[in-house]
Structure formats: C-alpha cells, structure tokens
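One structure is given here, and the rest of the page talks about it.
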Amino acid sequence: MVTKHLSAAGIGLAGLALAVGALAQTPLDSAFTYQGQLRQAGAPVTDSADFRFSLWDAYAGGNQIGTTQSLTSVEVTNGLFTVWLDFGSTAFAGEARYLEMEVRVPAGSGAYTLLTPRQEIGAVPYALYALDAPSSTDADTVDSFHANTTPTANTLLPLNGSAKFPLSVLSTGAGSGLDADLLDSQHGAFYRDASNLSTGTLPGARLSGVYSSVLTLSNPSNVFVGDGAGVTNLYAGNLATGTVADARLSPNVALLDSTQTFSGAKTFSAAPGFTAAGAPFSVTSNTLVTNLNADLLDGQTGSFYQNAANLNAGLLPDARLSGTYTNPLTFSNASNSFTGSGLNLTNLNASNLASGTVPDGRLSSNVALLNTPQTFTANKYFTGSVGIGTTTPGFPLTFANTLGDKLSLYGQSGNHYGFGIQSALLQIHGDASNSDIAFGYGSSAAFTERMRIKGSGNVGIGRTDPSYRLHVEATGADDNPAIYGKHESADHGIGVRGRGGLYGLYGEVSPTGTGQYLGVYGVVSGNPGYGKMYGVDGYAYGGTEAYGVYGSAAGASTKNYGVYGRVDSGGYGVYGVHTASTGPAYGMYAESASTSGGGLFACNTATSGWTVGVYGKTSSSSGKAVYADASSTSGTSYGVYAENKSTGAGATAVYGYASGASGATVGIYGVCNSANGYAGAFTGKVDVNGSLRVYSNCTINSSLQVDGNCNINGTLTKGGGSFKIDHPLDPENKYLYHSFVESPDMMNVYNGNVTTAANGYATITLPKWFETLNRDFRYQLTVIGQFAQAIVAEEINNNQFVIRSDKPNVKVSWQVTGIRQDPFASANRIPVEEDKPAGERGKYLYPAAYGQAEDLGIDATRDDEKP
C-alpha cells in the first residue's frame, strides 16, 4: 500500500534530440522519455505502479500545460522506471516547465499519492522547439558541408570528419537552394494539394465568404448560426423545431385567445371536445338559441336524466330523505361512519370494538384484575417471560434484582425448602439442620435417587447414607469407574488429585472375572498443545523408597502392566518427572533383563496423523532430548536404530527438526572420530529440502535433488548447469531449461549472427515464449567483416525485432538480454546485497582469504558444540 513515505526522483530526460546515426524516416514528434527512481519507506520499489503526470509553468501553483498523462501497470525494478510522455508540440515554447507526479503502488490499488516537489524539466526537450525556432545561424555550411550541394539518391552526407549522417537542416531563415521537392521525399505539388492536409485547422481568413456555386452540406452535425434573414425559398416541411409566431399567421387562422367569427358552416364529424370553461358546450345567449331539445343532450333522451340510477355526481340533500325507513337497511361498506350515543343499538358484535376501554364493572367476575388478589383454579400457560417483582423480565421467569429468598417449595414463613441468593452465592434451603437434599428422577411419590447431600455435609453418589465427605459406589459393567476424573483446561489440568498421610489416592480392585480391571484409571482429553494435563499425577515427598506412582502386576497373563497410561488426544500416556537438579536422575527408568526384550518399548498404533513412538525433550542448553549409548566395543551395534516400513511418500525412519527461528541450529548432527569412518552414510538418494552446506569433499555417485537453497562454501565445478522451471506457455505439461548466466538481476542472454538483406533489413525471431519469460530488454549489435553501421530499427514485439544496416548484406552479431519474470523468479528474487544476521556478524564465509583464523568461519564447528 502506498504510504506518505513514497518518493520519486527524476534521473534523466531524453528522446527529443536528434539521435546520432538515426535511420528512421518518420519525423520527430513531441514525445520524450522520463526515467525516475521510486522509493517506499526509503527502500527501492519492485512492483507494478500507476502514474499520473502533469506539466506546469511554476514550481508551485501556476497553470497546467496540456493534458494529464495517465500510465497504468508500469513495471518498477529496484526503484527504476521509464515512461514516454507527450504534452503536445506547443508545450515547450521557451519558458520554464515543471513535472508533477502522482503514483499508487501496486497498480490498481487505493488512491494516488502526490509526490512533491515538482521536478524542473531541463533543456533537452527544448530541442524540439529548436526545429521551428527562428535563428540567425547560417545553414549554408553544416560541419564544412555546403547546403547548396545537391545530394544523390540514398547518399549519406559526411559530417564531423569520417562520421556520416542524413542531412538535417535546423534553420529555416538562412538556408538557400533548398528544394521543397525533397521534403519527406515529396514534391512541392504534394503540399499544394489540400486533400493531403492531415493536421491543423483552416483559418477563417482563408475563406472568401462568397460562394456562387451550389453547395451541399449533407452532414447532420452541421450547425448554422445567424438570424437567417437572407435565406429564401425555405421548405415548410423541413421545419423540425421552434414555433411559428402568431404574427406570422394569416388572419384566416382561428386563435384560441381571440374572438373569432366563423362565417362558414362547421361540421363536426366526431363528438367535439372543448377544454375551456363551459365545456363540453357553452351557450351564452338564451334569446338567440332556439329549438334546443334535451333528448339530444349527450346523445341521450330526457328520460335518461329522470332515472336516479344514472346519477354520477352531486350529493342528495337531507331534505330529500324522509327520516323514517321501516324496511331493514344494510350498510355493508366498511367506510360507513355513524354518530350518536348508540343507546338504542342492539345485537352488537364485541369483535367490532375498535376504540375505547371496557370499564372493570362491565367485566365478568372470572376476569383477573391486576389490582385485586386472584385465585387461579386452572392451569395457566405463559408464552412470554414472567416477572416477579420486576416489570422487565429478561428470562422466562425473572425475579426482582434483590438479595434474599426467591422461591419457597415448602413452608409459609421462616425456615423452608426452597432457593435464595446472597452476594455471589446461590442457596438451596432445608427447613432443619438435618435436612438432606437428594437428586434423582421420577415423581415425588415414585422417586429414584442418584445423589444425596446430607445435612452433615457428606456427599453420596450411589449411596443414600454416605460415610465420607465424598462416598462413591458404582455398579454395572466391568469398565464402569467409581470415580472418573477429567480436566479440559487450557493450562495445567488435573483429572484427579489426592493427598493424604497414608494414601493420596488409593485404588483397589479384586478381579473375579476375565475382564479388564483398573485400580486407578486416569484420562486426559484436552486439545493437543493446551498446557500440561495428566491422566494420573503422582508425587512422592519422602521416605527411603518413595514412588510417585507405583504399579505392580504379578499375574500370569502375557499382557500385565505395572502402570498403564493412555491418552486419547494430545498429552502423555505416562509422564514421569524427577526434580533433582544434580546426579543421574531419571524422569522415567526402564530396564529389562530379557535377551529379546527391551528396556523401553514405545508403540504408536495410529494409522494416520503425526504420530510419535518415543518423544524426548530437554530444557538444558547442553542437554540431550534423547540419548542412546551402545556400550559394546565390538560387533555391529547401533546407538539408535530406527526402521520405517511404510511405503507412503515422505515416510521417514529418523527425522530431525531444529525449530529455533535463529542461530546456527542443526536438525541432525553426526560426528565420527575414526579416520576411516563417516559422520553420515547414505545408501540411496539424498533429498535436501532446504540449505545444503558441504565443508569438504562431497562425492555423489547418483543424482542429488535439492528442493530449496544449496549453499556451497567452495568452488563449484560442473560439466553443465541450467535452471529448470515449468514452461511459461504450458506449465502443466512441459519444462523449460536455460543455461546459467551470472548477473545481479536474474538475467537471460540470447545471441546469434544474421546478415542483412539488400535493403539493409534483417528480422530476428526469438522463441515463442520469450516475451512471456522476460522483460526489460537490452540490445548489443556488432558489425563483422567491414566498416558499417547497424541499429535496432524495431524493438522486440511479438517475439521478434528488426535490425537495419546502412549497407546491404552486412553480417551482424546480435545479443539480447532480458530479466526473468516467470512466477518462480518473481517470487524468489535474488538479493544483491544482504546484511549478515546477528549470529553470523564478525564471521566470514572464507576467513583465510581475508587473513583471518579458520575458527572465524561462519560454518566452523566448535568443540563445545559437539554432543
């Protein structure tokens, strides 16, 4: 995201001066290049960016010159970018100009940031102005060559000694003998032909103002101005807009706002419509109009108007109502409104009451009133919340927000069975000191008890007469525990913990069957990594032979366990701790005298997941998480022997993991004191997914695959080398290889030889994936076998570019470089400079080359680091 620390500085302006040796035939335009350096928070930017450039006539404020140039998705590499700008041919007329920039990084994100101050533009762009500027310079001689000399076709004129350039005349005032027939290879007649005009606007002074010939202006976009006083013979059918004024009309035209005399008979073939007052027809005289017949009004006879059913306007006056109607009347319209006291109304429907309140006196005695004590003799059901002592219940049953007794189940006053509340204490009341509280199920008369709290404080689970503070008895299946401890805390959770003078926790079973019997059974079910949790936790505080947990199995079975620990989630099946700070203390000690057994057997039977057979951990800075000692001085013994029978990808017999985020840590470290031995020996492929460091000779008789960084502190000698990536045009099905080229910016190099044709041109075709793989192209051309000039006539486009030489059939050696832009390279740019991390500062990759001792090498191994 762009921040206020974003800055840019102009590095150079070019592109407006005539290029030395330029062979292009197109005239120079007003565009120029601008190269700048973009930094964000002080660091160079490498990303795509959007720019807006505007030209001003002052360092601050002032007037904008030309239009704003908007350029999107401009590539910025190590802070550098290059753009083409064009503010028009009149932008540079000799006055000072300043460039203002706005930018947003990355492209398409957020708002633009204005970069200040404005950049003053140097004199190079004014070379364009020099093409048309008046000059007193004598153009008759240009670098000792006389302008009057008539050149032959396709001849380059010698200037500046042996150099050759096309003739360029920079003065329009002092030149002589110039022939317009030679301008851009056109004759003077070409420029006298108005049909060849391609820019500019014809001034009004060039128009005669009088055109006697017939002119046809057929474009509908033409616009004519003036009062049209001199226009005659207009065709009224072409009138498309405007209104003809009344004064322009004949007096024989009837006007709406004037008194008219119709001298001829008028016949209305359809019913006329009159929209003025008196419509549809108004007769203002009752003396001159005769023979009117009501039968002809609106095409109806007089009897039509005597039928009340045909009335469609007006209101019937009260005087026309008799006031007495003996027949039943039905007023079915819901909008009817009646006034009066309704004293004599009968057969009213209570559901039609819409306003007003029924007085309490009109209610049945079976209606409950809020301000009167009530006795409810039937069941009541409440669908909303009920408040007792509060008018704003927040729950189905809510009591007043006060302390004290809340609910009485038995007892009118004083002691009772019920519930109360005091500060931070929910109370269950009994009516006497020896009252018990029982939990169970069923009705009160047919109650099955599960748990009882005695008035004495003893708690019984499975017993109605507990003899201890917690008295638990269990019946049922063989594996149904009497006490089951479970702790799911995110920290130090303990399922069951006991402490006493004789037994902190005592478990006993007396097997009589063939099932599984457990004296003490502990389970931890917390999530992996959530603190320390123990199924069974035992500590021994004294004595000459004390055991935190002691288990003994003397049965004849082949599956006897002195101590059996089991964890169904993260944690430890058996966890042993020895807190002594000195001496050969062991958190867990295992010993076996069997010739085919083991001191410790660890087995993880899970068929999936990140499982561990043996897990060792030490907190000492010089400790060993797992230490194995094969003390035999002969034979083929193993300090650690690991075997993995899985055929799955990534199955590992020995796995070392150094999880420290810094420091020269080692996942697996091997040392061999024998001159003929090996610190590490591998039979098969060696797969390194990370850095591989070789301090001495490394002989690999097969393939070596490194999926990560490979750091070799020494000379790398190879028969060949290349990068291998997914093919940019077909990444799913092909690879692309390129031989190595050493450069600071992941450069690819392409080269070859070509001979130009008789016209001096040659087209170089690059691989079809070239522009997909590369960006920031650079060119090198070398002429072979003769003195000639060669230029890049057309830059790379559609995976090819064009070379042009000033002579035909010239052999040219070409080279093109590009910076990789494939997804892997874009995500893994090689830093050119890098600060050493704290653990490597003051040390060297090659100490001897700097006259330093070998122990100052970054990868030097100290004796005290050996295990």
Side-chain angles (χ1 to χ4, degrees), residues 14-15 19 21-26 31 33 35 46-48 71-78 80-84 107 720-786 788-830 832:
L23 299 178
Q25 293 182 348
T26 56
T33 59
Q35 187 179 58
T46 297
D47 206 336
S48 62
L71 303 176
T72 59
S73 299
V74 177
E75 290 296 328
V76 182
T77 304
N78 293 329
L80 297 180
F81 64 91
T82 303
V83 295
W84 277 91
S722 67
F723 74 64
K724 174 185 178 182
I725 64 173
D726 298 315
H727 199 294
L729 300 183
D730 191 2
E732 295 181 357
N733 302 305
K734 292 183 180 180
Y735 293 114
L736 179 67
Y737 297 86
H738 269 34
S739 180
F740 289 149
V741 173
E742 295 181 351
S743 75
D745 46 12
M746 302 183 78
M747 178 180 292
N748 290 325
V749 177
Y750 307 81
N751 54 48
N753 296 327
V754 69
T755 300
T756 60
N759 61 359
Y761 286 92
T763 299
I764 309 299
T765 300
L766 299 165
K768 60 184 178 181
W769 37 257
F770 179 83
E771 287 184 89
T772 303
L773 179 65
N774 300 283
R775 59 175 171 81
D776 296 344
F777 313 126
R778 293 168 175 80
Y779 310 84
Q780 293 289 338
L781 302 178
T782 303
V783 175
I784 299 175
Q786 59 179 308
Q789 292 180 341
I791 65 169
V792 176
E794 296 180 16
E795 292 197 63
I796 293 173
N797 184 28
N798 197 23
N799 298 312
Q800 64 182 17
F801 67 99
V802 178
I803 293 175
R804 182 185 179 188
S805 60
D806 63 340
K807 298 178 181 179
N809 305 318
V810 175
K811 185 176 182 180
V812 179
S813 178
W814 60 268
Q815 176 178 292
V816 173
T817 64
I819 306 301
R820 285 177 58 184
Q821 64 175 1
D822 57 276
F824 177 85
S826 299
N828 299 275
R829 290 294 174 194
I830 299 175
V832 180

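Every heavy atom of this structure was used, including side-chain atoms; hydrogens, water molecules and symmetry mates were not.
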| request: Taking all heavy atoms of A788 and all of V783, pick out the closest pair and write down the distance. | output: O-CG2, 3.7 Å

| message | Just so I know, are the side chains of V74 and V83 near enough to count as touching, which here means a heavy-atom distance under 4.5 Å? | response | yes

| field | Nearest-0.5 Å distance, CG of residue N748 to CG of residue L773 | value | 5.0 Å

| request: List the steps and the verdict of side chain to side chain contact (heavy atoms under 4.5 Å, CB included) for S722 and H738. | output: CA-CA 5 Å; S722 67; H738 269 34; 5.7 Å; no

| said: Are more than 12 heavy atoms, taken from residues, nucleotides or ligands other than Q780, located less than 6.0 Å from that residue's CD atom? | reply: no

| request: For the residue pair F770 and Y750, categorise the inter-ring angle as parallel (less than 30°), tilted (30 to 60°) or perpendicular (more than 60°). | output: perpendicular

| task | Begin from the C-alpha positions of F777 and F801 and carry the test side chain to side chain contact (heavy atoms under 4.5 Å, CB included) through to its verdict. | result | CA-CA 11 Å; F777 313 126; F801 67 99; over 6 Å; no

| request: Rounded to the nearest 0.5 Å, what's the gap from CD on Q815 to OG1 on T817? Could you check? | output: 6.5 Å

| field | Nearest atoms (heavy-atom pairs only) where T756 meets S805 | value | OG1-OG, 2.9 Å

| said: Quick check for you: to the nearest 0.5 Å, what is the distance between T763 atom OG1 and E794 atom CD? | reply: 7.5 Å

| field | Gap between atom NE2 of H727 and atom CG of N733 - 0.5 Å precision | value | 11.0 Å

| task | To the nearest 0.5 angstrom, please state how far the CZ atom of R775 sits from the CD1 atom of I819. | result | 6.5 Å

| task | Can you see which heavy atom on R804 is nearest to which on A793, and at what distance? | result | CB-CB, 3.9 Å

| Is the backbone of E771 close enough, under 3.5 Å, to the side chain of Q821 for a donor and an acceptor to pair up by distance? | yes

| field | Closest contact, heavy atoms only, P731 versus P728 | value | CD-O, 4.0 Å

| query | What distance separates I764 CD1 from N753 CG, expressed to the nearest 0.5 Å? | reply | 9.0 Å

| E795 atom CD: more than 12 heavy-atom contacts under 6.0 Å | no

| said: Going by the rule side-chain hydrogen bond (donor to acceptor under 3.5 Å, both in side chains), which residues pair with T72 if we only count those two or more places apart in sequence or in a different chain? | reply: none

| said: Could you go through Y735 and D726, starting from their C-alpha distance and side-chain angles, then the distance that decides it, and tell me whether this counts as side chain to side chain contact (heavy atoms under 4.5 Å, CB included)? | reply: CA-CA 5 Å; Y735 293 114; D726 298 315; 4.0 Å; yes

| query | With no hydrogens and no angle check, is any side-chain donor or acceptor of T46 less than 3.5 Å from a backbone partner on N78? | reply | yes

| message | If I compare all heavy atoms of M746 with all of N828, which pair ends up nearest, and what's the gap? | response | SD-O, 3.8 Å

| request: Give the minimum heavy-atom separation between A762 and V754, together with the two atoms involved. | output: CB-CG2, 3.8 Å

